[in-house]
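A quick write-up on the structure given underneath.
In each ligand, atom 1 is the first atom listed, and ligand 1 is the first ligand listed. As the structure is a computational prediction, the values presented were derived from the model and not from experiment.
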Amino acid sequence: MSSPTLTIDLQALIANWRALDAMTTCETAAVVKADAYGLGLGRVSKALAGAGVRHFFVAQANEGVELRKVLGPGPRISVFSGHMAGDAGLLGANDLTPMLNSVDQMLRHVESLPGHRFGIQLDTGMNRLGMEPGEWVALRDIAVAQKPVLVMSHLACGDQPDHPMNAHQLNSFKEMSGELDVPLSLSATAGILLGKDYHFSLTRPGIGLYGGLPFGAAQPVVTLDVPVIQIRELEPGETVGYGNTWVATRPSRIATLGAGYADGLIRAMGGGARVFADDVACPLVGRVSMDMLGVDVTELTEDPTHMSILGPQQSVDDLAREAGTIGYEILTSLGPRYARLYRE
Ligand SMILES: *Cc1c(COP(=O)(O)O)cnc(C)c1O
């Protein structure tokens with residue numbers, strides 16, 4: 001194996017969707033924006049559709065066009081950014097359902113695609129996307145007369161179960177959507193875990209499908225193995241990598257691995273991250289380069305030919321913690337250079 005290899009376990013992905021689906025009595029969609037969180041829109045979506053997912057969400061109309069090619073007619077594809085200027089043709093031709101987020105989008109939609117299916121996004125406090133309470137009061141009756149297929153909002157602090165923002169947004173969503181005879185959706189992965197008050201008619205998990213927190217019971221979906229290019233002996237006092245940031249304090253064996261920050265192994269993960277030879281953890285040493293990183297393998301009894309960075313020993317969230325970020329960012333940064341192996 002000469003190139004680093006990302007293995008994506010589609011059975012684990014499906015098991016995660018089923019586990020999240022089993023926590024509710026409502027419909028469970030799948031969020032596959034950003035190339036299915038970096039894991040491959042086509043393979044991931046096909047596997048999920050095969051397991052029974054009938055409703056997919058993407059961020060942009062262009063992603064919806066790609067997804068429609070993969071899925072063919074049938075499954076619903078909804079677009080979080082709504083109906084942007086110039087998108088009417090794409091939305092219409094590919095049967096995409098925009099989640100309208102403003103009066104302007106509503107007008108654009110009914111003028112350019114009259115009768116075309118749409119949903120509505122309400123802002124319950126995150127101040128990111130959606131109609132605000134004042135705007136919604138003015139538009140509500142007109143919008144409802146056009147028969148939206150979904151009314152949704154999004155939690156800002158769902159991954160902190162005790163945060164008062166959750167109850168605040170839940171109340172605000174209930175007030176804004178009260179007495180509507182329309183399917184409702186409030187929760188992504190985190191909201192599913194908050195319990196049935198948050199489930200409504202449809203949930204929209206993303207990260208939990210891909211094995212990330214806050215779904216702690218998720219099965220790991222990605223493994224990342226990187227080949228060793230070279231191993232060298234260092235005397236005490238010798239240094240490794242740019243900036244001489246790591247200095248050997250004992251006779252050391254240093255392996256140079258063939259992946260770096262251009263592959264999403266961001267420089268910020270620095271000293272705390274570990275790299276595994278089977279189950280033995282070895283510390284990352286020195287700065288991560290664009291295509292390489294150094295690992296102290298002094299403790300190993302045999303020279304490894306490749307080492308594991310993501311897998312059962314170290315999750316995307318473990319790595320994220322070392323880099324001061326979140327699993328979502330690690331996954332979506334992995335990039336196109338890996339050989340990808342899909343385990344069916
Ligand atoms: C990304 C996103 C989701 C999925 O969120 P996860 O935390 O990955 O489950 C759901 N809804 C909206 C509006 C989103 O932007």
Side-chain angles (χ1 to χ4, degrees), residues 13 16-21 23-24 26-39 41 44-45 48 53 55-61 63-64 67 76-84 96-102 105 118-131 148 150-161 163 165-166 169-170 172-173 176-177 183-194 198-219 221-222 315-317 320 325-333:
L13 168 87
N16 290 336
W17 181 79
R18 291 203 171 119
L20 290 166
D21 184 50
M23 289 179 192
T24 74
C26 66
E27 185 183 357
T28 305
V31 178
V32 293
K33 62 194 180 190
D35 198 31
Y37 289 43
L39 300 186
L41 179 70
V44 162
S45 302
L48 289 170
V53 179
H55 194 157
F56 293 82
F57 285 86
V58 293
Q60 304 164 357
E63 297 176 329
L67 182 55
R76 184 175 298 172
I77 301 174
S78 297
V79 182
F80 286 137
S81 59
H83 190 144
M84 308 274 286
L96 308 178
T97 306
M99 297 288 116
L100 306 179
N101 54 50
S102 66
Q105 283 208 349
F118 70 96
I120 286 177
Q121 259 177 109
L122 302 178
D123 179 18
T124 52
M126 189 175 184
N127 284 310
R128 190 176 70 168
L129 276 188
M131 303 191 200
L150 187 71
V151 170
M152 58 165 279
S153 189
H154 193 53
L155 297 171
C157 305
D159 60 346
Q160 301 167 62
H163 202 295
M165 185 69 166
N166 295 320
Q169 286 192 270
L170 177 62
S172 168
F173 188 57
M176 290 171 82
S177 65
L184 302 177
S185 177
L186 178 61
S187 287
T189 303
I192 296 174
L193 305 173
L194 293 178
Y198 289 82
H199 296 165
F200 296 92
S201 330
L202 175 100
T203 61
R204 314 180 307 267
I207 192 71
L209 307 176
Y210 309 109
L213 289 175
F215 185 29
Q219 293 188 21
V221 172
V222 288
S315 70
V316 290
D317 294 291
T325 181
I326 54 176
Y328 299 69
E329 193 175 8
I330 297 291
L331 283 177
T332 55
S333 302

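- In terms of modelled atom types and a separation under 3.5 Å, the side chain of Gln105 and the main chain of His83 share a donor-acceptor contact.
- Between the CG atom in Asp159 and the CG atom in Leu213 there is a gap of 9.0 Å [rounded to 0.5 Å].
- Residue-ligand proximity: Tyr328 is placed with a non-hydrogen atom under 4.0 Å from ligand 1.
- Considering only non-hydrogen protein atoms, atom 15 (O) of ligand 1 sits nearest to Lys33 NZ, 2.8 Å.
- In terms of N/O distances under 3.5 Å, ligand 1 is not approached by Phe80.
- For ligand 1, one of its N or O atoms has an N or O atom of Gly206 under 3.5 Å away.
- Judged by the shortest distance from any of its heavy atoms, Ala190 lies outside the 4.0 Å radius around the atoms of ligand 1.
- When heavy-atom distances to ligand 1 are checked against a 4.0 Å cut-off, Ile207 comes that close through both its backbone and its side chain.
- Here His154 has side-chain heavy atoms under 4.0 Å from ligand 1, and that is the only part of it that gets that close.
- Counting heavy atoms of neighbouring residues, nucleotides and ligands inside a 6.0 Å radius, atom CE of Met84 does not exceed 12 of them.
- Contact atoms of ligand 1 toward Ala188: 3 (C), 4 (C), 5 (O), 6 (P), 7 (O), 9 (O), 10 (C) (distance under 4.0 Å to a heavy atom of the residue).
- Proximity of a side-chain donor or acceptor of Gln219 to a complementary backbone N or O of Asn16 within less than 3.5 Å is not detected.
- How far CG of Leu122 is from CG of Leu100: 11.0 Å, rounded to the nearest 0.5 Å.
- The closest donor-acceptor contact from the side chain of Asp35 to the backbone of Leu41 lies under 3.5 Å.
- In terms of N/O distances under 3.5 Å, ligand 1 is not approached by Gln121.
- Of all the atoms in ligand 1, the ones that sit under 4.0 Å from a non-hydrogen atom of Thr189 are 6 (P), 9 (O).
- Residue Arg204 holds its CZ atom at 4.0 Å from OG of Ser185, rounded to the nearest 0.5 Å.
- To the nearest 0.5 Å, the span separating CD on Gln169 from OG on Ser187 amounts to 10.0 Å.
- Counting heavy atoms closer than 4.0 Å to ligand 1, residue Arg128 contributes side-chain atoms (C-beta onward) but none from N, CA, C or O.
- The aromatic rings of Phe173 and Phe200 stand perpendicular to each other, their planes meeting at an angle above 60°, with 30° marking the opposite boundary.
- Atom 8 (O) of ligand 1 has its closest protein heavy atom at Tyr37 OH, 2.5 Å.
- For ligand 1, the atoms lying closer than 4.0 Å to a non-hydrogen atom of Pro205 are 9 (O).
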